[in-house]
Amino acid sequence: MKFKLIIPGIFLVFCGFFYSGLFSDPMNIENVQVERQFPSFKLKDLMDDSIEYTAADVKGQVTLVNVWGVWCVTCRIELPFLTQLRQVQGMRIVGVYYDNAADAVFGDVDINQTRKEVVQMLGQYGDPFVFNIYDAKRDLSLDLGITGAPEHFLVDVDGTIVWHRRGDINPRIWQDELAPIYQGLLSKQAKGAN
Amino acid sequence: MLPEIGHFALILSLFFTVALAIFPMWGAQKNIPALIALARPLVWGYFVLASISLFCLSWAFYHNDFSVVYVAKNSNSMLPWYYRLSAVWGAHEGSLLLWIWILALWTAGVALFSRKLKKSDVARVLAVLGFVSIGFLLFTLITSNPFERTLPYFPIDGRDLNPLLQDFGLIIHPPMLYMGYVGFSVAFAFAISALISGRMDSSWARWARPWTLLAWGFLTAGIALGSWWAYYELGWGGWWFWDPVENASFMPWLAGTALIHSLAVTEKRNAFKSWTLLLAISAFSLSLLGTFLVRSGILVSVHAFASEPERGIFILGYLIVVIGGALTLYALRANTLVSSHRYKLFSREVLLFCNNVLLVVALAVVLLGTLLPLVHKELGLGSISIGEPFFNKLFSYLYIPFALILAFAPLIRWKQDKIQRVKKDILLGAVATVFTLALCYFTYSIDNPWTLVGVGLALWVAIMTFVELKSNKQIAKLPMSHWGMVFGHLGFAVMVIGIAMTTFGSVERDVRMKAGDQVELSGFTFTFESIEQVQGPNYSSHLADFTVQGGDKTYELHAEKRFYPVQKSVMTEAGIDDGLMRDLYVALGEQIDDDYWGVRVYVKPYVRWIWLGSIFMCIAAVFCIADRRYRHVLSWRSSADKATSQA
């Protein structure tokens, strides 16, 4: 008789998890990227095939990596604010260009067309980027666990991902979340340099 | 006025169920005939009041009474009348009311068809059902009242029913599913009643069995309808996604499948009693768990209702009382029910036990796969996701022993059998299977090993089912329940063939097309003929005509992309040419520019067999229930006496 009491016991344990689960947002995906090293990669520049980047190009200075594309409406909306961050805060922002059409079976993507659209969009809404990495085969996006665009990674001097956000950066996010972390990293960077 | 009557009827029915839960149970325990006799009248009252309530809400929908918040949120005057009625269960509050009404319907059914049962036993069963109802009535009245008004200011028109749900599949999918979920409450009530009274014999199982089979049949139909609806409505050509809510419906189905087999042993051999009780409790508990998962917002799912933690806590409390209470009662009392029946290692009992073990393992796989991400996250270990590959792999492995045993188990005798006796039949079946599989292998050039395993074992099950049928001396005199078994097992085989063939044999292409373009796919030429804009009753739509050339035949398909202005949402209506051997499937994607559209084309071999198999299983349930012996059951007690005197 006693051992059968295990059955309601197990059930109650599950109920405990259910109870705590009720108060956590299921849409809030816990971040597994934070505190990891920025993944290594070797990819070309979006605008110039002859330039190649590796993880070393993201290191060395506190950098915000922004995954974006011209097809992404939210990315367009945040461009002016990101540009402002670059101009006012001097933030180093690197773009990872996510080509939405590249994977389709529709045939090869016309890179010149993409470049034309990129230039047009950045000209119109502001260009926050030091450079753009062209992730045609999505190797980097896969390693970063990208679920959509825009996504942002704040990378420390030594290449550690310190902060990750799915979605746009706006004044509120900057105020509440990003600015304290960013400024903390900057002062650490300054100390390290001294 | 009518919504208020509906609300009032619902409140009154709460009083009836409270009385139903208390007085007949008390009467049965203390042997007070006057209280026992109250059970049926209370049930009639509960059923009539719940019906009035459901009718009032349906009326509000039919007459576009947008002063009722729930109607305003889920209907629109442009909606055709049949969708206005099915919108009653289109969202949380109304679907709860439907759930309550179905629970009242099952309770009334038990009250009506149990006249030959011992009065005190009926009273206990009905009281348990009344107790189960209280929770749902309280839940509806306190947290989710569908009759709430928005007076004096109410909208001119409603926000419309979610376009996904404006479909024939939705009209019948939820009621069928709820009939199944709620139907397991009867077996549950029988189990609790047996635990309370401490009496459970083969006639108990004989009573519980048809109710369980009926619920199982409805659940099978409900799940299959949902799968079919997703296939033609969602436009991605899939039929099962291992979504948490799909899993929530699959778990009670697995438990129910185990239960109908274990009930057979309890009925015929008076064995497995304690196990059967646990399964009866589990099947309904898993239905309740599913309700919790869907309505509390605890998991991310396409099916989840918008939710508030308040509702979640309420259902959780209810789960703890009902499931926790039932399991504790089981743990304390199950040992009083001893199965004295003995059997040898090679007997049908043992084989059915293997079936049960495998089904329960499958159930555990689904349960863990569904809940582990939640547990993992709450332990602070980070988010993980468990999906298709996990389930597909484990189910593929579980399928092998399951099908191997299932095929020959019906040949084996109860109690004790010898391999010598059935050796010839099994050998015959095995040879026939290998031969048929070789034939399939060469005609279809199946190259995937898992397809071969899936189809091969399904053929083995089907062929052995016929071998078993042939081994009976007078096929015409077989009882209906035997035919039920035959159809059920054939249905399983047919379904697995469908799954194996479509999983590994489907081909698909995403293409960019304009009118006049062609695309080739596994011997079929899909031509995009034309596209035009059309106007529906509450939507506007792009209607594309395709012709498909294959062999010497031409098929016409119409794929649609609908825009519903009220909810500002876009819906895909896939164009499908269905056939027993293959489906041709075209779904219209996004408009890329003026002329070009993204188009997805599929050729899906044998996909219909998945639902054909489900139909077979539903027929099986009907056959089993129609068996003569369930119509000639004597009273619970006296048949039990007879059983003991025969033994």
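Note on naming: letters A, B, ... go to the chains in the order of the sequence lines (proteins, then strands), and numbering restarts at 1 for each one. Values below: all heavy atoms of this structure, side chains included; hydrogens, waters and symmetry mates excluded.
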Subject >> Interchain contact, A:Y19 with chain B, by part (heavy-atom threshold 4.5 Å) >> reply: both

Subject >> Proximity of A:Y97 and A:W68 rings by center, below 6.0 Å >> reply: yes

**OP:** Output the distance between atom CZ (A:R165) and atom CG (A:L178), rounded to the nearest 0.5 Å.
**Re:** 10.0 Å

Subject >> Part of B:I323 lying under 4.5 Å from any heavy atom of chain A >> reply: both

**OP:** Tell me, out of B:L278, B:I320, B:L374, who's got the most heavy-atom pairs with chain A below 4.5 Å.
**Re:** B:I320

**OP:** Could you list the residues that satisfy salt bridge (charged side-chain N to carboxylate O under 4.0 Å, His left out) with B:D517, not counting sequence neighbours?
**Re:** B:K514

Original post:
For the rings on B:F139 and B:F314, is their centre-to-centre separation under 6.0 Å?
Top reply: yes

Subject >> Part of A:L12 lying under 4.5 Å from any heavy atom of chain B >> reply: side chain

